[in-house]
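What follows is a set of notes on a single structure, which appears directly below.
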Amino acid sequence: MEKRISGHTGLMALFGSPVGHSGSPAMYNFSFQHDGLDYAYLAFDVNVEQMPKVFETIRLLKMRGGNFTMPCKNIAAKLVDKLSPAAEIIGACNTFVNDDGVITGHITDGVGFVKNLEVNGVDVKGKKTIVLGAGGAATAIQVQLALDGAKEVHIFNVKDEFFERAEGTKAKLAEKCPECVVTVEDLEDQEKLKETVANCDIVINATTMGMKPHDDVTLIDKSWYRKDLVVADTVYNPEKTKMILEAEEAGCKAIGGKGMLLQQGAVNYELFVGKKMPLEEYQKFQA
Ligand code: NAD
């Protein structure tokens, strides 16, 4: 590292709070070093009120790019110069790229998720999908599925504070992606869920259920699985959730959340430096 940092080294960073647990600095710095790119990536703990100053700093230091995490994703979308189509629909961004002073905000959770399906041989175009959840990850996935040509997106959520957000996503997608059928249902309506699973191609869990300490929970009854169903989870801790294990057992194509995490990093890296991230090498390095 000492040899790598010079008077020319460009800064990239993650902004939000907390950021101390983030794996992003390790992943991007490994990749810069691997690719011989003169950048360093750090993480800064900042709050929403400090974000205007963060943007002054990004401009002043001519930072090429970086990321925003909670609670700064929504305010970031208001402070960038331009937004990607998905970030505009959602009103939040987790990634920025600075092209000679013009800062574009992107939201890459959904892109990473769809990319991970693609890597696993699943094309979302023309597909009927179910997304369980209406929080940050779920919304990004729902919007990206619609932008990438899914035929149907059926959102199921419990009647909590996120339910209204699902209704909002449905309304925005009706305007921006009118060819995609979007419905919102109460997750408690098990008959409706069963019937929708029977008629769809891909079921996605984007809730916190299945994640530790809820790792004994799955929201889909295993008797509903069939071999031609794709089952995908956003949860990556544990790497194989109860939902994924049961789907595998039933012979479905089952895709866990870790790939989404890695693909999202790779999508960001390509936005920052225009190159494929050395993903395999990073995974070997981590192992
Ligand atoms: P969030 O807090 O924004 O949303 C939480 C969602 O879970 C809401 O839809 C809520 O209604 C639902 N939920 C909560 N308790 C529930 C219950 N008892 N039954 C049914 N639904 C319930 O969270 P988020 O940031 O969107 O994260 C959601 C999941 O996505 C997490 O498990 C997270 O690990 C995962 N995630 C994965 C990646 C990745 O790269 N793989 C990235 C982001 C998030």
Side-chain angles (χ1 to χ4, degrees), residues 14 16-19 21-24 27-28 67-74 86-87 90-95 106-120 130-145 153-170 182 184-190 192-193 203-221 231-244 254-269 277 279 282-283 286:
L14 169 68
S17 187
V19 291
H21 65 285
S22 172
S24 295
M27 181 172 70
Y28 294 123
N67 299 99
F68 304 110
T69 186
M70 295 309 288
C72 299
K73 293 186 191 182
N74 296 84
I90 296 164
C93 60
N94 69 333
T95 300
H106 300 259
I107 187 133
T108 54
D109 311 65
V111 189
F113 177 82
V114 170
K115 184 92 194 146
N116 188 39
L117 290 191
E118 220 177 277
V119 166
N120 283 282
I130 293 178
V131 183
L132 308 174
T139 306
I141 290 169
Q142 288 147 11
V143 169
Q144 201 61 43
L145 288 171
V153 176
H154 301 286
I155 306 171
F156 282 81
N157 206 79
V158 286
K159 290 258 174 130
D160 62 4
E161 70 273 22
F162 292 96
F163 196 84
E164 211 176 302
R165 196 198 287 202
E167 298 281 13
T169 303
K170 180 182 163 183
V182 181
V184 179
E185 307 286 351
D186 184 354
L187 185 59
E188 299 288 310
D189 188 347
Q190 290 289 295
K192 185 77 196 173
L193 181 59
V203 180
I204 299 152
N205 175 45
T207 72
T208 44
M209 294 300 100
M211 184 168 80
K212 282 183 183 163
H214 307 292
D215 44 338
D216 58 338
V217 181
T218 172
L219 299 175
I220 300 288
D221 188 312
V231 177
D233 210 331
T234 59
V235 176
Y236 54 86
N237 183 20
E239 210 168 308
K240 282 194 181 185
T241 58
K242 186 172 182 191
M243 182 190 194
I244 290 297
I255 303 170
K258 189 163 177 216
M260 169 187 176
L261 190 69
L262 292 170
Q263 291 301 333
Q264 191 186 335
V267 169
N268 293 346
Y269 190 73
M277 192 163 90
L279 251 185
Y282 180 60
Q283 279 174 284
Q286 263 192 319

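Whatever order the structure lists ligands and atoms in, that order sets their numbers, starting from 1. Since we're looking at a predicted model, the values are computed, not measured. Side-chain atoms are counted along with the backbone in the values below, which use heavy atoms only and exclude waters and symmetry mates.
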| note | Residue shell for ligand 1, any heavy atom closer than 4.0 Å, reads Gly133, Ala134, Gly135, Gly136, Ala137, Asn157, Val158, Asp160, Phe162, Leu187, Ala206, Thr207, Thr208, Met209, Met211, Thr234, Val235, Tyr236, Gly257, Met260, Leu261, Gln264
| query | Going from CG on Asn94 to CG on Asp109, what distance comes out if it is rounded to the nearest 0.5 angstrom? | reply | 5.0 Å
| task | Please round to the nearest 0.5 Å and tell me the distance separating atom CG of Leu145 and atom CZ of Phe113. | result | 6.5 Å
| field | Sequence-distant partners of Phe162, ring-ring contact (aromatic ring centres under 6.0 Å, His included), two or more places apart | value | none
| note | For Tyr28, the ring-ring contact (aromatic ring centres under 6.0 Å, His included) test, sequence neighbours excluded, returns Tyr41, Phe272
Can you give the donor-acceptor pairs under 3.5 Å from side chains of residues 207-218 to other protein atoms, not counting sequence neighbours?
{"from": "Thr207", "atom 1": "OG1", "to": "Asn205", "atom 2": "OD1", "distance (Å)": "2.8"}
{"from": "Thr207", "atom 1": "OG1", "to": "Met209", "atom 2": "N", "distance (Å)": "3.0"}
{"from": "Thr218", "atom 1": "OG1", "to": "Ile220", "atom 2": "N", "distance (Å)": "3.4"}

| message | Using only atom types and a distance under 3.5 Å, with no angle test, would you say the side chain of Asn116 pairs donor to acceptor with the backbone of Gly112? | response |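 Checked: no pair found.
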